[in-house]
There are 2 protein chains.
Amino acid sequence: MPNDDDTQPPLTREALGLAALRVLERDGLAGLSMRKVAAEVGVKAASLYWHVRNKEELLDLLNDAIMTGAEAPPRVGDWRSQFREYCHRHRRHLLDRRDAAKVVAGRLAPGPNLLRLQEDQLGRLREAGFTDADAAMVTYLLGTYVQGFVLQEQSPISASEAMGATRREAVDAAADRLRALPPEEFPHLTALAGDLTGPDLDARFAFGVERILDGLAALLPAERR
Amino acid sequence: MPNDDDTQPPLTREALGLAALRVLERDGLAGLSMRKVAAEVGVKAASLYWHVRNKEELLDLLNDAIMTGAEAPPRVGDWRSQFREYCHRHRRHLLDRRDAAKVVAGRLAPGPNLLRLQEDQLGRLREAGFTDADAAMVTYLLGTYVQGFVLQEQSPISASEAMGATRREAVDAAADRLRALPPEEFPHLTALAGDLTGPDLDARFAFGVERILDGLAALLPAERR
DNA sequence: ACCTGAACACCGTTCAAGT
DNA sequence: ACCTGAACACCGTTCAAGT
């Protein structure tokens, strides 16, 4: 007998991914267990193995569920501002979902939601004048950068500081630790402690995006940059 | 009474990190448990909690242990070739250690081994003519890219394909899946299936490095590029 | 100062059995 | 075709107790 409060929809793989997403949002990746996802869909843990080979495969479904609702930026302005906006949106999207980068980062296998975006990106790159080979490489490069960046951003700055201190305190502590290094052995780290810990993550992300976009522009014939 | 086959060294936190590294190499991150690391140093699991607050803190020690032996490239050639070499060495170093990127990726807190390298990088960047603020950002950008890239590289291409198929087969299967998409909905993905799955990871990594270096060069006054 | 045994509350996964 | 209970072999962590 199924559970009693309402009639469950037929439990597709997609529904499983969305259930996993709700558990992720509530309990984080460390708290995401087969038992909890099963409970979320009103079933026992063992039943999940009918729909999914193992937990890794469930994480594949979660990977795609995370990307639902990600939207391409409007097609206004030159390719540069469009792809700047693409990167910032992608970062925002991951950042807004708990532990999203940890789930997504090691998972190349793109689900339907990511494929849609990749298709759109390729179209814009080709229009902008990139060769097919370059366009393919560019989508990979941008994806890698955004995922890698958010992965660090969503992780506690140091495991031991995860418990208790705020981000600001942790960063300040990091700066102090840098300044406390022996200056004769670490002249640059001590001198640049402020530069290293000062800029917030928005600024750091934007810096990387602009450098990469500059680098991509160099691939185009001068008149299309 | 300690174990009997040899007298253990006094079990420092550094020794703990190295023991964790040996377990990681042998059993992978999924197989790295407190019990196994304890056994590796000839002690029971509960004893580890004398030296370490929890598993996360042990992973911090492992994080630094992974970076032992990483070497800076020789100071020959211009800044560009030096940092190209830096990126390629960093990638190689992580790639050579099982699951290294998964451990390192979310862990900003740099251990002594990473600090040494960062100090060296900052020196070279300042000499090359980067401002202090830019130099600080550049080390972060390069680190993020390399870690993010290797993270994907060390992950099975798709969880469900991890078991069984070789990398080559998995990539070919991915290409076939792209080509099988409806071309009216996905004209670019189907047309560029070969470009997307063709280039090997060496080429992809090098592509990203060169784009980023191009972007960094634009920060310098023209005569120093 | 450091280690232990025992216990607690969990895990992922398998499998025979049910409907 | 789909779900279950029970079991197996693990986990991380705590804590009183030992030396």
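This structure is a prediction, so every number in the text was calculated from the model and none was measured. Below, read A as the first sequence line, B as the second, and so on, with proteins coming before strands; counting in each chain starts at 1. No hydrogens, no waters, no symmetry mates; every other heavy atom, side chains included, goes into these values.
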**Prompt:** Which part of the nucleic acid does A:L32 contact within heavy-atom distance under 4.0 Å: base, sugar-phosphate only, or nothing?
**Reply:** sugar-phosphate

**Prompt:** Taking both distances under 3.5 Å as the test for a Watson-Crick or G-U pair, what stems of at least three pairs does DNA chain D have?
**Reply:** C:4-8 with D:12-16, C:12-16 with D:4-8

**Asked** Tell me: CG of A:L48 to P of D:dG5, nearest whole Å?
**Response** 14 Å

**Asked** Among C:dC3, D:dC3, D:dG12, which is the nearest nucleotide to the side chain of A:H51?
**Response** D:dC3

**Request:** May I ask you to say what B:S33 touches in the nucleic acid, namely base, sugar-phosphate or nothing, with a heavy-atom cut-off under 4.0 Å?
**Result:** sugar-phosphate

**Minimum-distance nucleotide (side-chain atoms of B:L11 versus C:dC3, D:dC2, D:dG12)** = C:dC3

**Request:** Grab the CG-P distance between A:L16 and D:dC3 for me, whole Å please.
**Result:** 10 Å

**Message:** So, does A:S47 get its side chain near the phosphate of D:dC2, meaning an N or O under 4.0 Å from OP1 or OP2?
**Reply:** no

**Request:** Could you check how far CZ of A:R53 sits from C1' of C:dT14, rounded to whole Å?
**Result:** 15 Å

**Option from A:F149, A:F207, A:Y145 for which ring-ring contact (aromatic ring centres under 6.0 Å, His included) with B:Y140 holds** = A:F149

**Item:** Nucleotide nearest A:R35 (side chain, heavy atoms from C-beta), chosen from C:dT13, D:dA1, C:dT4
**Value:** C:dT13

**Prompt:** Could you state the CD-C1' distance from A:E57 to C:dT13, rounded to the nearest angstrom?
**Reply:** 14 Å

**Asked** Between B:W50 and C:dC2, is there a side-chain N or O to OP1/OP2 distance below 4.0 Å?
**Response** yes

**Message:** If I take atom NZ in residue B:K55 and atom P in nucleotide D:dG12, what distance separates them, rounded to the nearest angstrom?
**Reply:** 4 Å

**Fill in**
Comparing B:A46 with A:A46, nearest DNA chain D nucleotide closer to 5' gives the residue A:A46

**Message:** I'd like to know if the side chain of B:E85 and the backbone of B:P73 have a donor-acceptor N/O pair within less than 3.5 Å.
**Reply:** no

**Complete:** Of C:dC2, C:dT13, D:dT14, the nucleotide closest to the side chain of A:N54 is C:dT13

**Request:** Classify the ring geometry between B:H88 and B:F205 as parallel (under 30°), tilted (30 to 60°) or perpendicular (over 60°).
**Result:** perpendicular

**Asked** Is A:L58 touching bases, backbone alone, or none of the nucleic acid, heavy atoms closer than 4.0 Å?
**Response** nothing

**Request:** Look at the side chain of B:Y49 and decide which nucleotide, out of D:dA1, D:dT4, D:dT14, has an atom nearest to it.
**Result:** D:dT14

**Message:** Between A:D202 and A:R91 (salt bridge meaning N to carboxylate O under 4.0 Å), is one present in this structure?
**Reply:** yes

**Asked** For C:dC3, does OP1 or OP2 lie under 4.0 Å from any side-chain N or O of B:K44?
**Response** no

**Request:** Taking atom CD of B:E184 as the centre, report whether more than 12 heavy atoms of other residues, nucleotides or ligands fall under 6.0 Å from it.
**Result:** yes

**Asked** Do B:R97 and B:H93 get their side chains close enough for a donor-acceptor pair, meaning under 3.5 Å?
**Response** yes

**Request:** With sequence neighbours excluded, tell me which residues meet salt bridge (charged side-chain N to carboxylate O under 4.0 Å, His left out) with A:D96.
**Result:** A:R92

